[in-house]
Structures are given as structure tokens and as C-alpha cells.
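In what follows, chains carry the letters A, B, and so on, assigned in the order in which the sequence lines appear, proteins first and then strands, with residues in each chain numbered from 1. As the structure is a prediction and not an experimental result, all values here were calculated from the model.
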Amino acid sequence: MTQELSKQYNPKDTESKWYKIWEENNLFSAAPSPDKLPYCIVIPPPNVTGILHMGHALNNTIQDILIRYKKMRGFAALWMPGTDHAGIATQNVVEKALAKEGLKRQDLGREKFLEKVWEWKQLYGTTIINQLKKIGCACDWERARFTMDQDYSLAVTEAFVRLYEKKLIYQGHYIINWCPRCQTALSDEEASHIDLEGNLYYLKYPLKDNPQEFISVATTRPETMLGDTAVAVNPKDKRYKKYIGKYLILPIINRPIKIIADSIIDMQFGSGAVKVTPAHDLNDYALGKKHGLEFINVLAPDGRMNELAQKFCGLERFKAREAILEDLKLLGLLEKITPHTLSVKHCYRCNTIVEPYLSKQWFVKMKPLAKPAIAAVKKEKIKFYPARWTKVYLNWMENIQDWCISRQIWWGHRMPVYYCKNCREKNPKAGIIVSRIKPSKCPKCGSENLTQEEDVLDTWFSSWLWPFATFYWPKENADLKYFYPTATLVTAPEIIFFWVARMIMAGFEFKQQIPFKNVYIHGTVRDSQGKKMSKSLGNALDPLEVIAEYGTDALRFSLISITSQGQDVYLSKDRFEQGRNFANKIWNASRFILTNLKPEDVNVDLCVFFKREQLDIVNRWILSRFYTTLEKVGKELDNFKFNEAASSLYSFFWHEFCDWYLELIKPQIGQKQTQIVMYKVLEKYLRLIHPFMPFISEEIWQRLPGAKDSTPSTHPGLKPGVCSGLMVSKVEPSIMQQNWPHLQSELINKQDELQMELAFEVINVIRNTRAELEVNPASRIDIQISVASKLTQKSLGLLSGYIKNLAKINDLTLTEKYIAQNNQYAVVFKDLHIVMPLEGIVNIAQQLNKTNLKIDKLKSEIKNKEGMLVNKNFTLRAPEEIVEAEKNKLIDMREQVKKLEAIKNGLR
RNA sequence: GGGCGCAUAGCUCAGUUGGUUAGAGCGCUACAUUCACAUUGUAGAAGUCGUAGGUUCGAGUCCUAUUGCGCCCACCA
């Protein structure tokens with residue numbers, strides 16, 4: 001403590017220093033402990049391609065608060081970190097890098113390309129991890145996992161094989177979402193709808209028997225007409241009834257196609273006749289199956305037309321659309337074009353319009369998996385915070401579709417599926433071998449001519465195992481036993497379906513248990529316009545820039561302050577000033593305390609010293625306020641009300657501890673009792689604020705000279721009978737290892753608080769009056785206070801020293817009765833008259849006016865109350881204490897009016 | 001088409017189970033600067049709680065309808 005403290009808090013000096021020390025001393029590591037209960041959070045693994053954005057900052061700050069808090073509460077708190085290989089996203093990034101060298105992945109070939117990706121991962125994959133360290137995350141980094149690690153991959157294979165053996169994985173020919181740019185299938189969740197202004201094109205198809213007659217069909221995707229194999233109408237549609245069963249000639253292609261009837265067709269829409277393209281539309285696919293139609297695929301995987309598109313072969317799909325429309329126009333077969341808004345699926349990675357595409361893919365049957373996952377949430381074994389997400393989850397789960405898990409990319413877990421060429425030649429449906437390890441020969445025919453499936457698995461097929469695969473499942477080790485099921489999952493609403501729901505299903509399927517007990521869903525970070533913050537929109541605030549400018553603790557505290565449960569977060573840069581100012585306030589208050597501290601006074605056993613009765617009122621008051629705050633913050637954290645906890649901590653420290661307490665005790669700061677109380681409150685407060693502001697709390701805590709605290713206490717995280725021991729700074733070097741302060745509820749006293757509040761109000765009234773009367777702020781004046789109640793008089797007497805000091809009073813006299821006198825100005829406050837000399841008052845008329853306004857306002861309120869109290873409906877039905885309170889208020893107000901009238905007369 | 005969220009001070013938002021006098025931060029106004037902190041202090045101005053009904057002795061809070069904004073889900077060609 002010999003070191004000078006600078007006038008301003010400088011985060012740069014402290015942050016990297018402490019993080020390094022915490023890390024070097026292994027303070028982030030957690031292990032099973034016989035005395036402690038487990039508390040585990042698995043991080044939503046950021047993509048290896050990731051760069052820290054505000055969403056990460058918010059998400060990880062919340063987790064860090066929980067981990068640090070629970071650790072102080074005695075839990076063996078483990079924050080399991082790691083990264084996700086993010087199949088498509090990462091492959092895209094590396095492909096882009098290759099493109100700069102004029103290379104495509106195909107130029108390298110699969111193996112070489114994967115080497116490149118791994119290289120890239122080694123170089124850049126830790127960027128996001130280092131950024132998480134920068135915001136202070138207390139992750140157990142030694143446990144960090146990567147979804148493509150060898151051990152983790154074993155878990156992925158295991159899961160696949162088990163599901164396949166249970167016949168929950170199957171291969172099928174279906175219409176899936178195809179991204180022509182990424183050239184892979186996407187799950188429904190990866191293809192999001194975006195509304196586009198498009199057109200509805202009416203095409204005329206001539207009848208085979210009578211080419212002069214036409215049926216007009218409406219479509220938004222004219223290029224798919226090349227693959228039409230029928231036209232469908234509603235059987236009840238009078239316009240078309242006579243044509244059902246007849247044939248049309250598909251223009252350009254000149255293929256005869258049948259007119260079929262199906263009640264699914266909406267007669268109101270378009271022309272009431274629908275072209276059916278079973279290979280390029282989900283509905284048409286169903287129709288095709290039902291009516292035994294031909295499936296004609298006219299597209300190539302890269303989004304160009306294929307040879308079945310005849311003369312349009314090789315044209316890009318939207319170019320082909322133009323060309324086909326042009327041809328139809330020339331043929332006189334384009335009836336009309338009307339504007340039409342349609343919602344089109346886009347690839348969530350590259351935003352390309354997705355093509356419904358008929359292909360062979362692998363699927364997971366989801367209905368059986370969903371069943372226990374639905375039940376667990378219904379029975380509240382897993383709870384969502386805020387609760388409304390429960391409904392969203394259940395709704396999705398109850399309508400769940402099979403999950404397309406195959407991807408036609410290279411970066412990812414290769415499926416453990418092998419094909420026996422020999423068997424397949426005899427029967428194309430046979431010869432599929434699913435195996436944990438690559439088989440050397442076919443178990444059926446013994447052939448060694450085996451090839452592995454080219455496709456890789458959807459990224460989420462590995463991340464849904466995260467809560468247990470990170471513990472080396474399928475091995476059952478001690479850590480997995482101890483920490484699983486984990487406690488809380490903290491995430492954003494965007495990935496409830498992608499990740500949360502699937503983890504719950506995987507938890508039941510592979511561990512027969514829930515993966516976590518609570519799911520806290522925080523809001524989306526948006527800019528001040530309400531737009532989602534993203535790099536592509538260019539509206540992103542870079543957390544690292546904010547840290548450089550305001551400090552990490554400021555970033556964290558501000559973010560948390562504005563995150564009310566479940567609401568989206570609207571950010572602009574100036575919001576971080578509050579956090580920075582608060583850090584500075586803590587710094588300066590601590591500086592004040594430390595420079596005024598006598599170490600020999602505070603180096604005592606703090607918990608033994610105090611008996612409430614031994615303390616003076618101000619010290620009793622601040623302790624009472626501190627413990628009230630402690631209790632409140634604990635409850636708020638336990639209920640995931642982070643912003644409320646932040647606000648409680650903020651207003652206690654700034655407005656109660658600094659504005660009042662430190663000001664009040666300045667004259668008595670050398671007294672032993674005050675030394676100890678102010679020291680004790682600061683020391684404990686640092687522990688409360690530590691989960692929110694880890695760096696500044698450690699920096700100051702380390703400078704505290706005395707014994708920290710030895711309150712023995714039990715904490716919720718300690719097993720029954722276990723008591724946390726003495727906490728002395730020499731033994732425990734970091735605030736991270738301290739206990740959350742023990743709640744000494746015997747030090748909470750409402751009487752003390754009321755008494756102090758009265759003094760504060762009196763001081764406020766005097767200050768306010770002084771300002772109104774334009775009394776020189778530096779001058780001390782005489783004040784006389786008359787109080788009817790003996791009790792109030794006594795307590796004011798006790799506090800008169802403080803009042804005199806903070807209200808700049810020269811002489812304070814307390815009298816029983818108020819007698820109006822000339823040359824005096826009096827203010828009525830409750831049953832008090834606060835009287836000061838009129839000398840120096842500039843504007844009596846103005847004061848008179850103010851007094852009159854007050855009287856008028858009171859009178860109208862009195863009228864209101866009188867009406868209320870005459871109303872039998874109120875007096876008979878409202879609870880007695882409310883009626884009683886109203887009566888008292890009325891009496892008070894009448895009194896006040898009387899007093900104000902008296903003052904008015906005095907002013908004249 | 002279905003579902004969810006939001007609307008409270010100039011701005012951004014809190015407001016627990018309905019209790020009559022609605023809070024914070026920022027901004028604004030006035031004053032204060034050797035005494036921890038101008039990233040400060042003291043004081044002040046500022047709101048018919050989106051609109052219309054209803055329940056109730058009493059509604060920012062509960063119900064119904066309605067307007068505006070945002071989000072999610074959904075196979076209208």
C-alpha cells in the first residue's frame with residue numbers, strides 16, 4: 001500500500017497483469033471435490049473463424065459472472081471452454097483465402113485442402129480464445145476442446161453408429177435445401193426465409209389434342225418448367241374439370257404432360273392450375289410420389305441448367321429464367337406477369353438463394369428423440385429463463401421434422417459409412433457398412449473393395465454432444481460423473497433450435513439424462529437503430545475497441561446494466577461511459593479510504609469485533625445497508641436478474657456509500673470504529689462486485705492492508721456440514737478465491753435506516769432551501785428546527801453533528817414548538833419546521849408564490865383524499881391498514897397546509 | 001397465415017404478487033473547484049405510462065379490442 005494511487009483508474013495497467021496471474025496460478029481450473037457441489041457451464045463454442053463481437057461479449061460476461069459468483073459461493077465451478085469447427089463457415093473462409101491465390105479447393109483435392117484448413121486453424125483458430133481472455137473469462141482453459149479433436153471425433157462416430165443401429169439414421173432420396181454456392185445440402189434451420197419482391201409468371205401450356213386451346217399456369221420460378229411432369233388442378237374446379245386426365249404439351253421441350261386432379265390445389269390462387277415439378281419443389285415432390293409422376297432434375301449442383309434442360313444447358317439458373325421467358329414470349333405463350341411478394345429460402349452462411357433439390361442424403365429420425373426432451377421441459381426438469389421460450393421450444397419440438405445431417409463439403413466429420421462395391425453392384429441398396437472403425441473387408445462378401453462415404457456431417461451433429469463429449473464421452477470418467485448434468489446454459493435465442501433443443505435430445509439419447517438444468521436466453525445485441533449488430537452491416541461496435549477506450553470492467557458492467565431479462569440490447573458507444581465512470585468512482589473511493597487508513601486499526605478479526613450496540617448510528621446504518629444489498633444481489637443473481645443486481649450494486653456504492661457514508665464520516669475518519677467499518681464494507685463490497693468487474697476489484701483488493709475477513713459461513717455450494725474456513729490474505733492470494741460475504745442479518749436494522757433517512761431528508765430540505773433562496777454555498781447559517789415529537793427530536797439531536805456538517809449549518813437549535821416570527825423563513829417538512837433567518841434572501845415574492853403553489857396542490861390532494869375516505873366502497877373493501885394509512889396521510893396534509901399558511905403570513 | 005416481444009421523462013430503458021406521491025442512466029438548467037473523484041458534487045426542470053373500452057374501492061401493472069415497431073415459425077404455386 002505504499003504505492004501512490006493515480007487520480008484516475010487506468011484499466012490498461014491492471015487488466016493484462018491480473019489475467020496473467022490468475023492463469024499462471026491455475027485459478028480457473030476446477031476439479032471434482034468431495035466437499036463441494038458441482039456447478040458447470042459449457043461455453044457455446046465459438047466458431048474457429050470467429051472474431052469477438054458484442055454478442056459474444058454479452059454472452060460470455062454473463063457466464064463469467066455466474067462462474068465467478070458460484071465459485072465464491074463454494075461450488076466447484078467449472079466453465080468448460082472450446083471451439084467449434086463450423087464446417088461450412090470455415091470452409092468458406094479458407095476457400096476465400098485460396099481464391100486470392102487463384103485456387104479452388106478442387107485444384108488441391110480433398111486431402112491437401114484439409115491440410116490447408118488445419119493450417120489455417122492452427123494460425124487463426126485461437127484468435128477468439130485470446131479475445132475471450134481479454135474480457136476476463138474464467139474458463140478452465142486446460143480443458144479446452146475442439147469439435148474436430150480426435151477424442152471428440154470418437155464421440156461423434158459413436159453417436160452416429162448408435163443411432164444407426166437403432167435405425168434412427170437413414171439414407172433417403174428427398175427434396176432438400178441446396179446451396180449452389182456452397183454446393184451442399186442444408187438443414188431446414190440453415191435455410192432462412194427472406195421476403196423478396198418477385199413476379200408471378202403466367203405460362204400458357206397448349207392442349208395436346210387441340211393446340212389452339214391452352215391452360216395457363218402460374219409460377220414464380222419459370223426455369224423449373226423444363227422439369228415439369230404434370231399440371232395439377234382442383235377436382236372441384238369447374239373451369240378445368242373437363243381436362244382432367246388429358247395431356248398438355250410442355251412448351252420448348254415438347255413433352256406431353258398429364259393433367260391431374262388433387263384437392264390440395266387452391267382454386268383461388270393464380271390461375272388455379274399448377275405446373276408440377278417433382279424434382280424441384282417440395283409440394284410437387286409430394287404430388288409426384290402420390291400420382292406416380294416422373295422426376296426430372298434439370299439443374300446441376302452448381303446452379304446451372306443440366307443437359308436435360310436441352311438448349312439451356314450450362315446457363316446459370318437466373319439467366320436461364322430470362323432466356324426461357326424470352327422464348328415463351330416469342331411463342332406467344334407468356335400470358336402475363338404480375339408482381340408478387342414471395343418468401344425465399346437463403347443460405348444462412350452465404351445468403352445465396354437456396355434451390356429445392358432432389359438428392360440422396362442422410363437423415364436422423366427426430367420424433368423418437370424429441371419425446372423425452374419434450375417431457376423434460378414440460379415437467380420443468382429443464383427451465384428456460386425467461387419462461388416464454390419454453391413455448392417456442394415446445395412448439396418446434398412437437399412439429400419436429402427429420403434432420404438432414406449430410407453435407408457435401410470436405411471440412412467436417414466424415415460419416416462412418418462404408419460401401420462395399422461388390423455388394424452394391426448386385427443390389428444398389430445393399431453393401432452399406434456403418435462402423436466405429438474402418439472395416440478391412442465387407443462382413444457380407446469379404447470383399448476388400450470398400451470406400452468411405454464422401455459426405456461429412458452437419459456441424460451441429462458434433463455440437464449437440466458438447467455437454468458430455470467435452471468430458472471424453474463415451475468414456476465414463478470421474479469428471480463426467482461429477483459435472484454432468486451441467487447447471488446452466490447461457491445462449492442467444494437464434495440457436496434454440498440449432499443447438500439447445502438438439503443438446504437436450506442428445507442428452508437423453510446418449511446419457512439418459514438432461515444436459516443442463518437451466519437455459520438462460522439473453523437478448524440479441526442491436527445497434528441504436530434496432531438492427532442486429534453484424535460485421536456485414538458495418539454497424540458493429542468492436543468490443544476490443546471499447547475495451548481500449550473504456551476498459552474491460554466498464555464494458556462488462558455497462559453491458560450487464562442494460563440487459564434486462566430477455567430483452568434485446570440496444571447499444572451505442574456512450575453507454576460505456578457509465579461503466580467507466582463507475583469504475584473510476586470505485587477507484588477514487590478506495591483511494592480515499594486507503595490513504596486514510598491506519599493499518600494497525602484494521603488488522604483485527606473483523607467478524608469478532610462487531611456488536612451492533614457498540615457502533616454509532618452512521619456505522620450501523622451503512623452496515624445495515626450493505627447487508628441489505630448483499631441479500632438483494634444474491635437473490636437477483638440466483639434468479640438471473642443480472643441488470644438488477646448491477647443496479648443494486650451501483651446505487652449502493654455510489655449513492656449510499658460514497659454520497660452519504662463517506663461524506664458523513666469524514667470528520668470521524670480517524671476513529672477506530674469508523675476505520676474498521678469503512679474498511680470492512682469496502683473489502684466486502686469488492687467481493688460483491690468482483691464477478692461483474694473482476695479486474696478493478698482484484699487490483700484494489702490486493703492493496704488492502706489488513707485482515708480480509710474470517711466470517712465462517714456455509715454456502716449453498718458446500719455440502720452440508722462443510723464450513724468455509726478462515727480467509728486471510730496471506731494464505732489466499734486472490735479475490736477470486738474468496739468467499740461470497742456471509743450474510744450477517746443481525747446487522748440489518750430498519751430502525752437505524754429510518755432514523756438516517758430522516759436526517760438525509762432534513763439535510764436535503766435545507767440544501768434545497770438554501771439553493772432556492774440563493775444563499776451563498778460557502779456560508780454557514782443558523783438553523784432552528786421545531787419538532788413536536790419527542791422521539792424525532794431525540795434522534796435529530798443525536799444526528800445534529802452530521803446535519804450541521806453536510807448542510808453547512810453554523811448553529812442548530814432544536815425546539816418543541818414553532819412560533820412564527822418576522823425576518824424568518826420556514827419550511828414545513830412532515831411534522832418539522834425548518835427555520836432559517838431571512839437575511840440575504842433575495843426574492844421574497846418568489847418564495848411567496850412558491851408557497852402558494854404548494855398550498856394549492858396540497859388542497860387539491862386533500863379534496864381527493866376526502867372523497868376517497870367518504871366512499872364506503874373504499875373504506876369497507878380496502879384492507880384496514882391501507883385505509884388507516886390514507887387517513888393519516890390526510891391528517892398530515894391538513895397539518896401541512898396550516899403550517900404553510902402560517903409561513904405565508906410570516907413572509908409578508 | 002400462426003406465435004412472441006416492445007410501446008413509460010428530450011434519448012435509452014427499469015418498474016417484483018394491482019395500493020393511490022411512477023424510477024435510473026444519459027442529456028438539459030443553475031451553482032460549486034486547494035480538502036478521494038469534473039470520468040466530480042449540490043440542487044432543479046421534465047412523464048394525462050401508445051389508443052379505446054372493461055374488471056376493481058383502487059390499474060403503468062389484470063382482461064378485451066385497436067394502432068405502430070421488431071422478432072420467430074410456416075411447402076400459397
| query | When the distance from CD of A:Glu494 to P of B:rC73 is rounded to whole Å, what number comes out? | reply | 10 Å
| request: Would you please indicate yes or no on a ring centroid separation below 6.0 angstrom for A:Phe498 and A:Tyr348? | output: yes
| task | Could you measure between the two C1' atoms, the one in B:rU39 and the one in B:rU20, and give it in whole Å? | result | 40 Å
| Around atom CZ of A:Phe295, are there more than 12 heavy atoms of other residues, nucleotides or ligands at under 6.0 Å? | yes
| message | Within the 4.0 Å heavy-atom criterion, would you say A:Tyr285 contacts the bases, only the backbone, or no part of the nucleic acid? | response | nothing
| For atom C1', what is the distance between B:rU56 and B:rC63, given to the nearest Å? | 12 Å
| How does RNA chain B look in dot-bracket notation if pairs are Watson-Crick or G-U with both distances under 3.5 Å, crossing ones as [ ], other-strand ones as |? | (((((((..((((.....[...)))).(((((.......))))).....(((((..]....))))))))))))....
| said: Minimum heavy-atom separation for A:Gly670 and A:Lys598, please, with both atom names. | reply: O-NZ, 2.8 Å
| said: When the P atoms of B:rC49 and B:rG27 are compared, how many Å lie between them, rounded to an integer? | reply: 27 Å
| query | Is the phosphate of B:rG41, meaning OP1 or OP2, less than 4.0 Å from a side-chain N or O of A:Lys585? | reply | yes
| task | Determine the contact category for A:Lys666: base if any of its heavy atoms lies under 4.0 Å from a base atom, sugar-phosphate if only primed atoms, P, OP1 or OP2 are that close, otherwise nothing. | result | base
| request: Examine A:Tyr9 together with A:Trp587 and report whether their ring centres are nearer than 6.0 Å. | output: yes
| field | The single option from A:Thr14, A:Asp13, A:Asp553 passing side-chain contact (heavy atoms from CB on, under 4.5 Å) against A:Glu699 | value | A:Thr14
| said: In whole Å, measure the gap between the C1' atoms of B:rA9 and B:rC13 for me. | reply: 11 Å
| request: Kindly indicate whether the side chain of A:Lys7 and the base of B:rC37 share any N or O donor-acceptor pair separated by less than 3.5 Å? | output: no
| Nearest-Å distance for atom pair NE2/C1', residues A:His522 and B:rC71 | 15 Å
| query | Hey, does the side chain of A:Asn584 come within less than 4.0 Å of B:rU40's phosphate (OP1/OP2), counting only N and O? | reply | no
| Out of B:rC4, B:rA36, B:rU39, which has the shortest distance to the side chain of A:Phe592? | B:rA36
| said: Say we look at B:rU55 and B:rU64: how far apart would their P atoms be, to the nearest angstrom? | reply: 15 Å
| request: Please report, rounded to the nearest Å, how far the P atom of B:rU42 is from the CG atom of A:Leu664. | output: 12 Å
| query | Quantified in whole Å, what is the C1' atom distance between nucleotide B:rC35 and nucleotide B:rC28? | reply | 30 Å
| said: Return whichever of A:Arg767 or A:Glu663 has its heavy-atom-nearest nucleotide of RNA chain B closer to the 5' end. | reply: A:Glu663
Under 3.5 Å, which protein N or O atoms sit close to an N or O of nucleotides 24-34 of chain B? Give each pair with its distance.
{"unit_1": "B:rG25", "atom_1": "OP1", "unit_2": "A:His655", "atom_2": "NE2", "d": "3.4"}

| message | If you take the centroid of each ring, where Trp contributes its six-membered ring, are A:Phe692 and A:Phe642 closer together than 6.0 Å? | response | no
| task | Could you check whether A:Asn395 gets within reach of a base, just the sugar-phosphate, or nothing at all, counting any heavy atom under 4.0 Å? | result | nothing
| Ring centre gap for A:Phe760 and A:Trp660 strictly below 6.0 Å | yes
| message | Would the distance check show the side chain of A:Arg770 and the main-chain N or O of A:Val765 forming a donor-acceptor pair, the cut-off being under 3.5 Å? | response | no
| request: Indicate whether OP1 or OP2 belonging to B:rA43 is found under 4.0 Å from a side-chain N or O atom of A:Asn764. | output: yes
| message | For the aromatic rings, using the six-membered ring if either is Trp, is the centroid distance between A:Tyr650 and A:Trp654 under 6.0 Å? | response | yes
| B:rG3 P sits how many Å from A:Asn399 CG, rounded? | 13 Å
| request: Return the value, rounded to whole Å, for the distance between atom CG of A:Asn643 and atom C1' of B:rA14. | output: 7 Å
All N/O contacts under 3.5 Å from nucleotides 74-77 of chain B to the protein, with atom names and distances to one decimal?
{"unit_1": "B:rC75", "atom_1": "O2'", "unit_2": "A:Asn283", "atom_2": "ND2", "d": "2.9"}
{"unit_1": "B:rC75", "atom_1": "O2", "unit_2": "A:Asn283", "atom_2": "OD1", "d": "2.2"}
{"unit_1": "B:rC75", "atom_1": "O2", "unit_2": "A:Asn283", "atom_2": "ND2", "d": "2.8"}
{"unit_1": "B:rA77", "atom_1": "OP2", "unit_2": "A:His340", "atom_2": "NE2", "d": "3.2"}
{"unit_1": "B:rA77", "atom_1": "O2'", "unit_2": "A:Ala218", "atom_2": "O", "d": "3.3"}
{"unit_1": "B:rA77", "atom_1": "N6", "unit_2": "A:Asp266", "atom_2": "O", "d": "2.4"}
{"unit_1": "B:rA77", "atom_1": "N6", "unit_2": "A:Phe269", "atom_2": "O", "d": "3.3"}
{"unit_1": "B:rA77", "atom_1": "N1", "unit_2": "A:Asp266", "atom_2": "N", "d": "3.2"}

| said: For the CD atom on A:Glu398, are there more than 12 heavy atoms of other groups (residues, nucleotides or ligands in this structure) within a distance under 6.0 Å? | reply: yes
| Which nucleotide in the list B:rC4, B:rA36, B:rC73 gets nearest to the side chain of A:Lys391? | B:rC4
| request: Could you tell me which non-hydrogen atom of A:Ile521 sits nearest to which non-hydrogen atom of A:Ala492, and how far apart they are? | output: CG2-C, 4.1 Å
| field | Rounded distance in Å between the C1' positions of B:rC69 and B:rU51 | value | 15 Å
| Neighbour count >12 (heavy atoms, 6.0 Å) for atom NZ, A:Lys12 | no
| request: Calculate the interatomic distance between A:Ile763 atom CD1 and B:rG41 atom P; express it in whole Å. | output: 16 Å
| query | Taking the same atom, C1', in B:rA52 and in B:rC11, what whole-Å distance lies between them? | reply | 28 Å
| Tell me: CZ of A:Phe760 to P of B:rU42, nearest whole Å? | 12 Å
| said: Quick check: A:Tyr520 with A:Tyr385 (ring centres under 6.0 Å apart)? | reply: no
| request: Let me know the distance between CG of A:Asn768 and P of B:rG41, rounded to the nearest Å. | output: 18 Å
| request: Quickly, which of A:Ile586, A:Leu662, A:Thr629 forms a side-chain contact (heavy atoms from CB on, under 4.5 Å) with A:Phe657? Name it, please. | output: A:Leu662
